[in-house]
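Note on naming: letters A, B, ... go to the chains in the order of the sequence lines (proteins, then strands), and numbering restarts at 1 for each one.
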Protein chains: 2
Amino acid sequence: MKRLKAPHDRGSALGESPGVAGVQIKGRLWLEKDGETFLSWGRVVLLERIRDQGSIAAAARSMGMAYSHAWTLVAGMNRLAGQELVGRTFGGRHGGKAWLTPAGEAAIGQFWVLVEDFRKWLQTRKVEELPKS
Amino acid sequence: MKRLKAPHDRGSALGESPGVAGVQIKGRLWLEKDGETFLSWGRVVLLERIRDQGSIAAAARSMGMAYSHAWTLVAGMNRLAGQELVGRTFGGRHGGKAWLTPAGEAAIGQFWVLVEDFRKWLQTRKVEELPKS
DNA sequence: TAGCGTTATCCTCAATAAAAGATAGCAAAA
DNA sequence: TTTTGCTATCTTTTATTGAGGATAACGCTA
């Protein structure tokens with residue numbers, strides 16, 4: 001699988017604002033627990049793909065992400081949430097499956113609301129022209 | 001000089017918010033121009049040190065940063081601003097010096113206002129409890 | 001009971017920006 | 001005219017962590 005994004009691209013900036021002379025205010029938001037990243041743009045997209053595709057493996061493939069990496073992210077989110085955001089079974093005719101729990105659905109919803117509000121807040125901000133030196 | 005921070009630590013998160021069950025909302029803000037980082041937390045601290053110490057070299061030393069790196073940041077900020085934020089001369093009894101221009105002072109002020117407003121905005125946000133799955 | 005495609009886990013690799021290293025050039029002041 | 005410690009620039013290194021590789025375990029279904 002071809003690399004779809006640079007290895008350390010932590011995902012899109014979560015908002016931007018047009019400004020004076022082409023200067024843009026950029027920002028990112030994420031949720032942490034115990035100093036560890038709990039939810040971020042990329043993780044939430046992964047959750048959505050899991051919901052839509054029914055497995056971690058398929059979700060990872062659709063994002064050009066290694067399954068092992070996606071699994072690590074899911075395990076971390078479940079652990080930090082203190083409950084499962086993603087339910088999983090393995091074995092069975094099709095190997096296994098994964099799905100979002102109500103908590104997982106709620107987490108996605110909350111995150112996008114937060115991101116949208118942030119985007120709106122950013123748009124209320126503008127950069128002032130600097131004085132000529 | 002001992003390393004004072006990890007190489008890719010892009011600086012402190014610019015705000016946080018206490019939340020449910022230890023979940024914190026974290027965020028960072030920065031300014032871009034033409035897709036390049038123009039001002040960020042670390043760059044603004046560097047500007048302040050230059051103002052206080054009168055040279056890029058001293059400012060870099062005080063931050064545990066290589067002079068060459070500090071110089072690159074300063075050159076980038078001046079270039080992207082379209083004018084000097086940091087004035088410089090070289091040669092002379094003490095080798096040279098650097099200082100903030102009015103535009104540089106204004107840039108620092110604007111950035112900290114933005115950061116403070118962002119911090120306040122973050123504090124108005126809270127994470128909801130997730131439903132038990 | 002064989003096949004299948006997952007989940008579960010290990011260990012390793014690598015892209016990239018930050019950071020450091022090295023050295024030449026400069027000019028005011030002693 | 002020498003000293004000084006900056007600026008200016010080049011090249012090289014390193015740390016981070018996303019990303020990938022490989023394989024065992026699993027259990028439903030045909």
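One interatomic measurement links the two molecules: CE of A:Met65 to C1' of D:dA19, which rounds to 9 Å at whole-angstrom precision. Summarising the geometry, the separation between CH2 on A:Trp99 and C1' on C:dT7 is reported as 11 Å, rounded to the nearest angstrom. One atom, CZ of B:Arg43, and another, C1' of C:dA17, lie 11 Å apart when rounded to the nearest Å. Rounded to an integer number of Å, the gap from A:Leu46 CG to C:dT7 P is 11 Å. Atom-to-atom, NE2 of A:His69 to C1' of C:dT12 comes out at 15 Å; the value is rounded to the nearest Å.
At D:dC6, none of the side-chain N or O atoms of B:Tyr67 fall inside 4.0 Å of OP1 or OP2 (strictly under the cut-off). OP1 or OP2 of D:dC6 lies within a sub-4.0 Å distance of a side-chain N or O belonging to B:Arg61. Distances shorter than 4.0 Å separate none of the side-chain N or O atoms of B:Trp71 from OP1 or OP2 on D:dT7.
Aromatic ring centroids of A:Trp121 and B:Phe118 lie under 6.0 Å apart.
The heavy-atom pair separating A:Val23 from B:Phe38 by the smallest distance is CG1-CD2, 4.3 Å.
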Test side-chain contact (heavy atoms from CB on, under 4.5 Å) applied to B:Leu31 and B:Gln110, step by step: CA-CA 11 Å; B:Leu31 301 187; B:Gln110 275 198 45; 5.8 Å; no

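Shown for residues 72-94 of chain A: residues whose heavy atoms fall under 4.0 angstrom of DNA chain D, namely A:Phe90, A:Gly91, A:Gly92, A:Arg93.
Put simply, the residue from A:Val45, A:Asp52, A:Leu47 that forms a side-chain contact (heavy atoms from CB on, under 4.5 Å) with A:Arg49 is A:Val45.
Between the side chains of B:Trp112 and B:Glu48, at least one donor-acceptor pair of N or O atoms lies under 3.5 Å.
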What pairs of donor and acceptor atoms, side-chain ones from residues 75-96 of chain B against any protein atom, are under 3.5 angstrom apart with sequence neighbours left out?
from    : atom 1 : to       : atom 2 : distance (Å)
B:Asn78 : OD1    : B:Leu85  : N      : 2.6
B:Asn78 : OD1    : B:Val86  : N      : 3.1
B:Asn78 : ND2    : B:Val86  : O      : 3.1
B:Arg79 : NH1    : B:Glu36  : OE2    : 3.1
B:Arg79 : NH2    : B:Glu36  : OE1    : 3.0
B:Gln83 : OE1    : A:Ser133 : N      : 3.1
B:Gln83 : NE2    : A:Pro131 : O      : 3.4

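Residue A:Ser68 is in base contact, counting any heavy-atom pair closer than 4.0 Å across all strands shown.
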